[in-house]
Structure formats: structure tokens, C-alpha cells
There are 2 protein chains.
Amino acid sequence: MSIAYRQVAAEVRAAVEAGDYPPGARLPSESELARSYGVARGTVRQALATLASEGLVSTRRGARRLVLARQRLQGFNELRSFSEWARAMGERPGGRVVALVRREASPTEAEQLDTDRIYHLTRVRLLSGRPVMIERTAYPEHIGALVASMNAESESITQRLQELGVVFANAAHTLGAVVATAEDARLLDIRPRAPLLREWRRTTDPDGAALEWSEDRYVGEAVAFTVHNSVHQNTLIRGLT
Amino acid sequence: MSIAYRQVAAEVRAAVEAGDYPPGARLPSESELARSYGVARGTVRQALATLASEGLVSTRRGARRLVLARQRLQGFNELRSFSEWARAMGERPGGRVVALVRREASPTEAEQLDTDRIYHLTRVRLLSGRPVMIERTAYPEHIGALVASMNAESESITQRLQELGVVFANAAHTLGAVVATAEDARLLDIRPRAPLLREWRRTTDPDGAALEWSEDRYVGEAVAFTVHNSVHQNTLIRGLT
DNA sequence: TAGTGGTCTAGACCACAGT
DNA sequence: CTGTGGTCTAGACCACTAA
């Protein structure tokens, strides 16, 4: 690994997960880690900031870092797609396309994507064959045209778009609770009026241009989102219930 | 402000919010900011990392930082309590105690708090008089005894505990969706079986000892949680729907 | 009081963007 | 190419913890 601080973070993380530093234990000091990895103290600090943002350790001035817990869920950092996330959890991701249409944007879609014409995809997402989420995504036309040419049942759209040179840089997610509509219930094979976890997601490229605007609805019993925070850091994790 | 990087972050944040750098604009380079604030480049980088974690700007190697948005919800960083958050949103926080009992811990409570005897508080939280959340919190006995001695209707428990020397350091939150029980509906004055946003929250002190374990249920239409993330950062925000 | 983490500096080299 | 952000170093001082 060419980046030293990532290497240090990975080794300390591995040591924690291996039980060398169980929950409640204290990590070695920054100076000791710097000496033993042969890097400067600043590099160690960068590594440990990563671990703190993962909720793995906590920090207090004057005292050595405390191990909070072993990593149990896969991180949602780094803008993971559903497929990547599912595979990281040891599940088999799947998708069933319900509809893909090219049409005029609704007012919300127009505002979020800054365009009047969109492609709209409705897809049921499966975890090892079990339906857990409905994805209703609007794409601007230049992205939607690429999506329309894919096999959305078997491919990861995100991954395929990246291979085609589309770069996902930032996302904003808004989580709330909604009640399943009749269509939701039919697609997810659950009771009508069951509670669903709603995620609005707006993803942009490095220039800030919108790449997708999506409303995803997760089965309440199947998926949950976890957030760690401390005084200066916090992190979102998506996990199974 | 004695801490230089916070001062720089605050000034740049204010400039963005004032419209000096509208969404889509580029910030000055790190060197320019360092020169104009009379600090080293490292200090500017620390400030800008804060702004990136708030979802205010994005970063790309080789190019100046891009302003993502101006609209600001109040941050959920720094472990804001319901009362602090409400006030920051311009709303009047309130609480109505439904029950406060001292009893044996359930298996989950015992596991989360690492003790057999607890205090359990049920409270309806109000935003300017409107019920938006039910809080069902378990405290270990030494904390619960303090809570029992408070006026939980008018005081912020978190704030009062801090005044008494209890230090909140870390929290883990898990978000999901549930259906309102008959009691939930009665307390929140909503329809039975309405969807609620469920937040499990476990808060610990600087030594990693559990201070509270809570299940909070938010009215789906009233409150939402927002997360920003980019390749290396992400941030949770709690906001009104 | 000794050790630890938090902040800050000054300088260096590199990968990448925009031209 | 030049300028920018990403990484890294070596050293310094301070605030705080813990013994």
C-alpha cells in the first residue's frame, strides 16, 4: 500500500478486530505507533482519525485512545452502492426492473437534477433473493441513456457507470419513515401499510452536477442505518437488522 | 477564538452562507487562505476538512474546492441533545414525563448498559408544543438517581447531567422504521399504525461506560435525518421535514 | 510531575487538473 | 507547463490525564 496512513490504519484496525486490543483497552501512544511503523507522528494521527471516524476508537486529550468496539458492520463510507454493500455483508445482490421510462421531470426531479427531461427507473433490490428495497431513481438524460443500454437486472449500474467514466463524488441522504403503498407492498411482498425506511439520495459528480436523484424504500425489519458520533466525528453505517 | 483552525472554518463558513461563494463557486486556494488568515497551510487544511465533513464543500486533487450548498441545517455533530437541537432550529423544546420507574433491566437493557438494575424514563418530546417524538430511555442506577431528582418536564436532562459532572463522549445511533403502537399513537396524537422513524441510541462516557440506552420514535412527517458523504467524509444532520 | 493527545509551523515531494 | 490539493516529515508548545 503506497499511502502510509492507510496502511497504519489498516494494521491497527486489524489488530483491534483480531482481539489484540479488545473493547475497553487502550491503544499504544501516537509516539509508540510512529516509532514502530517508522512514520512521523502526523501520519499516525491521520490513521487514527480514520479509525475514530469509523467509531472504532475514541479519543481524549491526555489519555491514550480507547477501543470502543470491534467492527461489526460494513462501513457506508466511500459512497458504497447497494451491490458493493450487499457483497461486503456476505449477501448476493440482485435487482428486478419494474419500469424504465424516458419522460418529463416532475417539479422535484427538475429541481434536484436541474433538467426537464429524465430517465426514471423503478427497481426492486434483492438480498440473496429476498426483496428488501424499492429504488425509484431519476437520471438526467446523458446518464439515463447509458443506464437504458445496460442489463439492469444483473449488472451493478453504479459500477457499470464508473467503468464508463462517470465519477460519483458526493451524496446527500435524507432518512425518514413512510408507510408502504399498495404498490410498495406488492413489489416487496409485505403487508400494505407496513412501515418503510425512506432514503432520499442525491448524488453528484466532482463538479457538483447531479448524477441521480432517488427515493429508496427499505423494508423496516430488514435494514437499518447506523451512525457513530463523538465530539468531532461521526460516521454512517448501513447494516442488517 | 483561541483555536485558529476553528476561527478560519467559521469565517469561510460565514462567507459561504453570506453568498460570497455561492453553490458551484470555487474557494480560494489553501495558500491564499493561509496567507490571508496569517496561518500555516496545515491549519487551513484542518479548517477545510471541517467544512467538507459538514457537506458544505467538496474537494478534488488538483482543483480548487467546490462549494456544494448554502442551505444549512443545524449540525448533529458534537452530540446535540434534543433540547439543544430544537433551540438551534428556532423551536421551543418541551417534554412531558409519562413514567419514570426503577426496575430490573430487560435482557437488552442489561446488555447495553452492563447492569441489572436501571431507571426507565418514558417521555414525550415536544417541538413548540407539538409532540414529535417518544423517548424510552434506560439509565444505569447512578445516572438514573440523578435523573429522578430532576424536573424532567422543564429541564434538559442532558444539560443538567453535564452540569452535575457527567460527561457524554460517544454515541452510536441505529435508524429504522417501525409502526406506531396504540400507546405510541395516543402519546403522539397520531393514527395507530402510522410509520415512525426509530432511533436506538447508546451513549457512553470518555471511559466507554454506558450512560444511557434509548429507543426514540419520531413522527415520520415531522423529522428526518440527513447524511452527507463523499469519498472520505460524512456527516449526520437532524432536520425538520 | 511525566506522559499523552491537540494544535501549529515550515518545508518538502508528488499526483492530478486545467491550460 | 503551472498551480492545486494530498501526503509526509521534524519539531515545537500547550492542555489535560493519571499516577
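Here is how names work: the chains are called A, B, and so on, in the same order as the sequence lines, proteins then strands, and each is numbered from 1. The shown structure was predicted, so the numbers you read here are calculated from the model rather than taken from an experiment.
- Here A:Thr59 lies in heavy-atom contact (under 4.0 Å) with sugar-phosphate atoms only.
- The CG atom of B:Leu48 sits 15 Å away from the P atom of C:dT7 (whole-angstrom rounding).
- Listed pair A:Thr43 / D:dT9 meets the phosphate criterion, a side-chain N or O lying under 4.0 Å from OP1 or OP2.
- Applying the 3.5 Å distance criterion, the base of C:dG6 shares a donor-acceptor pair with the side chain of A:Arg41.
- With rounding to whole Å, A:Arg61 atom CZ is found 13 Å from C:dC8 atom C1'.
- Protein atom CG of A:Leu66 is 14 Å distant from nucleotide atom P of D:dT17, rounded to whole Å.
- Of the listed nucleotides (D:dC8, C:dG6, C:dT9), D:dC8 has the atom at the smallest distance from the side chain of A:Ile3.
- The separation between B:Arg64 atom CZ and D:dG3 atom C1' is 8 Å, rounded to whole Å.
- Mapping A:Gly62 and B:Gly38 onto DNA chain C via the closest heavy atom, the residue that lands nearer the 5' end is A:Gly62.
- When heavy atoms are screened at a 4.0 angstrom cut-off, B:Arg65 is found touching the sugar-phosphate backbone but no base atom.
- Partner of B:Tyr139 under the side-chain contact (heavy atoms from CB on, under 4.5 Å) criterion, chosen from B:Leu121, B:Ile118, B:Thr115, B:Leu113: B:Leu121.
- Look at OH on B:Tyr37: it is 14 Å from P on C:dT9, rounded to the nearest Å.
- Residue contacts shown for B:Arg45 include a base, since a base heavy atom lies under 4.0 Å away.
- Side chain of A:Arg60, nearest nucleotide from D:dA18, C:dC8, C:dG6: D:dA18.
- Which of C:dA17, D:dA18, C:dT4 sits closest to the side chain of A:Ser29 comes down to C:dT4.
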Inset, instruction - Test A:Arg198 against A:Asp216 for side chain to side chain contact (heavy atoms under 4.5 Å, CB included), laying out the working first. - result: CA-CA 6 Å; A:Arg198 193 238 319 121; A:Asp216 296 349; over 6 Å; no

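- Among A:Arg35, A:Gln46, A:Glu30, the single residue meeting the side-chain contact (heavy atoms from CB on, under 4.5 Å) criterion with A:Arg41 is A:Glu30.
- The CD1 atom of A:Ile143 lies 8.0 Å from the CG atom of A:Asp205; values are rounded to the nearest 0.5 Å.
- Taking atom CG of B:Asp207 as the reference point, atom P of D:dT17 lies 11 Å away to the nearest angstrom.
- Taking atom CD of B:Glu30 as the reference point, atom C1' of C:dC8 lies 15 Å away to the nearest angstrom.
- Picking from D:dT7, D:dT4, D:dT17 the nucleotide with the shortest atom distance to the side chain of A:Tyr5 gives D:dT7.
- With D:dA18, C:dC8, D:dT4 as the choices, the nucleotide that has an atom nearest any side-chain atom of B:Gln46 turns out to be C:dC8.
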Legend entry - Test side chain to side chain contact (heavy atoms under 4.5 Å, CB included) applied to B:Arg26 and B:Leu66, step by step: CA-CA 5 Å; B:Arg26 302 276 172 180; B:Leu66 180 73; 3.9 Å; yes

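- We find that CG of A:Leu51 is positioned 13 Å from P of C:dG5, with the value rounded to whole Å.
- Checked against C:dT7, D:dT7, D:dT4, the side chain of A:Arg6 finds its nearest nucleotide in D:dT7.
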